[in-house]
Protein chains: 2
Amino acid sequence: MNIHSTKTSPTQTETGSKRELIIHATIKLISEYGFHGTPISMIAQEAGVGAGTIYRYFKDKDTLVLEIFTQVNCDFKQTLLHGYDANQAIRDRFIHLCRGIFLYGIQNPYEFKFIEQFYNSPYGTSLRREKLFCNCGDTGQALPLEQVFAAGQAQQVIKELPLAALIALAIGPIIFLVKDSIAGLIQLDEATINNTLAACWDAIQQKTGPNRQPVVTPSSLSSEEKP
Amino acid sequence: MNIHSTKTSPTQTETGSKRELIIHATIKLISEYGFHGTPISMIAQEAGVGAGTIYRYFKDKDTLVLEIFTQVNCDFKQTLLHGYDANQAIRDRFIHLCRGIFLYGIQNPYEFKFIEQFYNSPYGTSLRREKLFCNCGDTGQALPLEQVFAAGQAQQVIKELPLAALIALAIGPIIFLVKDSIAGLIQLDEATINNTLAACWDAIQQKTGPNRQPVVTPSSLSSEEKP
DNA sequence: TCAAGCGGAATGAACATTCATTCCACAAAA
DNA sequence: TTTTGTGGAATGAATGTTCATTCCGCTTGA
């Protein structure tokens with residue numbers, strides 16, 4: 001990063017860049033092959049360093065991945081909050097956060113898949129409880145998207161569904177679409193993104209007008225049945 | 001599956017049961033730890049058979065997993081079609097298929113996660129193009145959910161979005177919620193399922209009334225911008 | 001007695017991690 | 001300016017472990 005800096009340590013530039021090389025190689029490979037699917041040797045080769053070098057920067061493979069995840073996940077959440085204004089209308093805040101996921105995924109496909117891999121691993125399942133939008137590790141306050149949902153429900157603009165269901169309706173489609181986009185199955189243009197975001201809003205929005213099936217209270221669900 | 005059939009091979013029952021044990025152990029373990037994360041030895045132990053026995057039934061690990069996936073995926077799709085009536089209204093057909101995914105996931109958590117694991121592996125990425133709802137491997141006709149979308153768009157009851165986006169809006173939330181349910185993060189009761197299904201419909205439904213933001217045509221999308 | 005099914009030790013390949021060695025940038029000495 | 005010495009960074013062969021797959025002897029039913 002910096003060429004000067006005579007104080008810190010010698011050859012800092014070189015040193016820092018090696019670490020970065022390792023990190024980027026790890027993200028790229030693990031996002032594609034998963035933790036157990038990418039040997040250290042492969043990471044070393046992709047990074048263009050010796051295998052032993054990796055252990056100068058990270059205690060072991062577990063630590064390497066955990067450390068990277070922490071950083072990437074944190075960056076991701078920071079990105080989402082960039083430009084976020086808690087005073088905007090519910091819908092605007094919702095769209096802002098969701099669009100952030102879209103854009104992040106498109107612009108950082110490796111990081112996006114890396115995070116996904118992690119959350120779907122036994123590792124991540126334990127962390128899962130804290131969910132995608134947990135604070136970056138410090139402040140204990142409620143998380144942006146949850147705040148939006150809570151505020152929206154208070155204003156009766158968002159459906160009375162369990163939090164988990166709202167989250168699923170909001171980001172499930174986005175994660176799904178971004179994965180398809182990364183896989184090259186679809187070309188996401190601005191219009192498609194905007195329309196999909198609007199559709200996500202439609203999913204969680206509390207309808208006001210008539211011609212609306214009321215939200216169901218516990219009852220009626222057999223495997224199949226014709227009314 | 002079948003206990004009778006005296007012709008095929010001797011001790012079919014016993015033989016079949018070992019094979020089943022291996023299959024179930026594989027599904028369970030791989031759904032949790034992934035392909036590379038579950039050694040053959042672990043499968044053997046979980047199944048209560050010798051490691052060598054597995055190779056009496058399957059050529060190698062790859063074949064084992066591929067064969068199981070083919071079968072499980074097929075069963076899954078069969079399940080979805082059970083009770084499906086192509087003459088019903090668009091919405092009913094949509095709900096039927098989506099509810100099927102819900103129920104399958106809740107009733108077959110290991111199989112559900114196994115399928116997920118597979119689709120998210122390098123393996124699955126190639127198969128990905130044929131997507132969740134491809135026919136079971138024979139008939140070349142269009143797939144149920146796609147038919148529903150096509151028909152729905154023709155009747156102007158479903159939004160004009162790319163197929164991939166519609167699929168994402170429909171099953172993204174369901175997959176997300178089922179995962180959370182399996183992880184024990186939420187207890188899915190009938191009401192939540194029904195309401196979530198209704199919300200998925202809201203997401204893809206073409207609005208008729210006024211007070212509706214029109215679908216966007218290509219333009220307008222900067223990282224952030226206030227109207 | 002024989003054949004087929006089976007378990008699990010045996011085998012070699014692949015892996016994570018370590019370590020003795022080399023390399024390199026800089027600084028003091030000449 | 002050139003030489004030499006030094007410490008930390010980098011390396012990749014060596015090590016011990018784990019894995020997929022094979023092999024062999026035991027059991028069981030015919």
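The sequence lines fix the lettering, A, B, ..., with proteins before strands; numbering per chain opens at 1. Bear in mind the structure is a predicted one, so any value in this text is a computation, not a measurement.
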**OP:** Look at the side chain of B:Lys18 and decide which nucleotide, out of D:dA10, D:dA20, C:dC6, has an atom nearest to it.
**Re:**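 That would be C:dC6.
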**OP:** Measure from the side chain of B:Lys61, starting at C-beta and using heavy atoms only, and say which of C:dT17, C:dC6, D:dA20 lies closest.
**Re:**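 Nucleotide nearest to B:Lys61's side chain: D:dA20.
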[atom1] of [X] versus [atom2] of [N]: gap in Å, rounded?
X       : N      : atom1 : atom2 : answer
B:Arg56 : C:dA3  : CZ    : P     : 15 Å
A:Lys59 : C:dT17 : NZ    : P     : 8 Å
B:Asp62 : D:dA20 : CG    : P     : 10 Å
B:Arg19 : C:dG5  : CZ    : C1'   : 16 Å
B:His36 : C:dA16 : NE2   : C1'   : 16 Å
B:Tyr33 : D:dC19 : OH    : P     : 13 Å
B:Tyr55 : C:dG8  : OH    : P     : 16 Å
B:Asp60 : C:dG12 : CG    : P     : 20 Å

**OP:** Identify, residue by residue, the members of residues 39-54 of chain B with a heavy atom below 4.0 Å from DNA chain C, and return them in order of residue number, or none.
**Re:**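 Hits under 4.0 Å, by residue number: B:Gly48, B:Val49, B:Gly50, B:Ala51, B:Gly52, B:Thr53.
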**OP:** Scan side-chain atoms only and decide if B:Thr192 and B:Asn195 contain a donor-acceptor pair under the 3.5 Å cut-off.
**Re:**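 Per modelled atom types, B:Thr192 and B:Asn195 side chains form no pair under 3.5 Å.
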Original post:
Would B:Asp60 and B:Thr63 count as having a side-chain donor-acceptor pair, cut-off 3.5 Å?
Top reply: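 A donor-acceptor contact under 3.5 Å links the two side chains.
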Original post:
Can you list every pair that meets salt bridge (Lys or Arg N to Asp or Glu O under 4.0 Å) and has a residue in residues 100-123 of chain A, with sequence neighbours left out?
Top reply: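 Every salt bridge (Lys or Arg N to Asp or Glu O under 4.0 Å) pair that includes a residue of residues 100-123 of chain A, provided the two are not neighbours, is A:Glu116-A:Lys179.
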Subject >> All ring pair (Phe, Tyr, Trp, His ring centres under 6.0 Å) counterparts of A:Phe69, not counting sequence neighbours >> reply: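 By the ring pair (Phe, Tyr, Trp, His ring centres under 6.0 Å) rule, A:Phe69 matches A:Phe118, A:Tyr119.
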**OP:** May I ask you to check whether over 12 heavy atoms, not counting those of B:Gln107, lie within 6.0 Å of atom CD?
**Re:**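 Yes - once you tally the heavy atoms of other residues, nucleotides and ligands closer than 6.0 Å, there are more than 12.
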Subject >> Inter-residue atom distance B:Leu188.CG - B:Thr196.OG1, 0.5 Å rounding >> reply: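 Going from the CG atom of B:Leu188 to the OG1 atom of B:Thr196 covers 7.0 Å.
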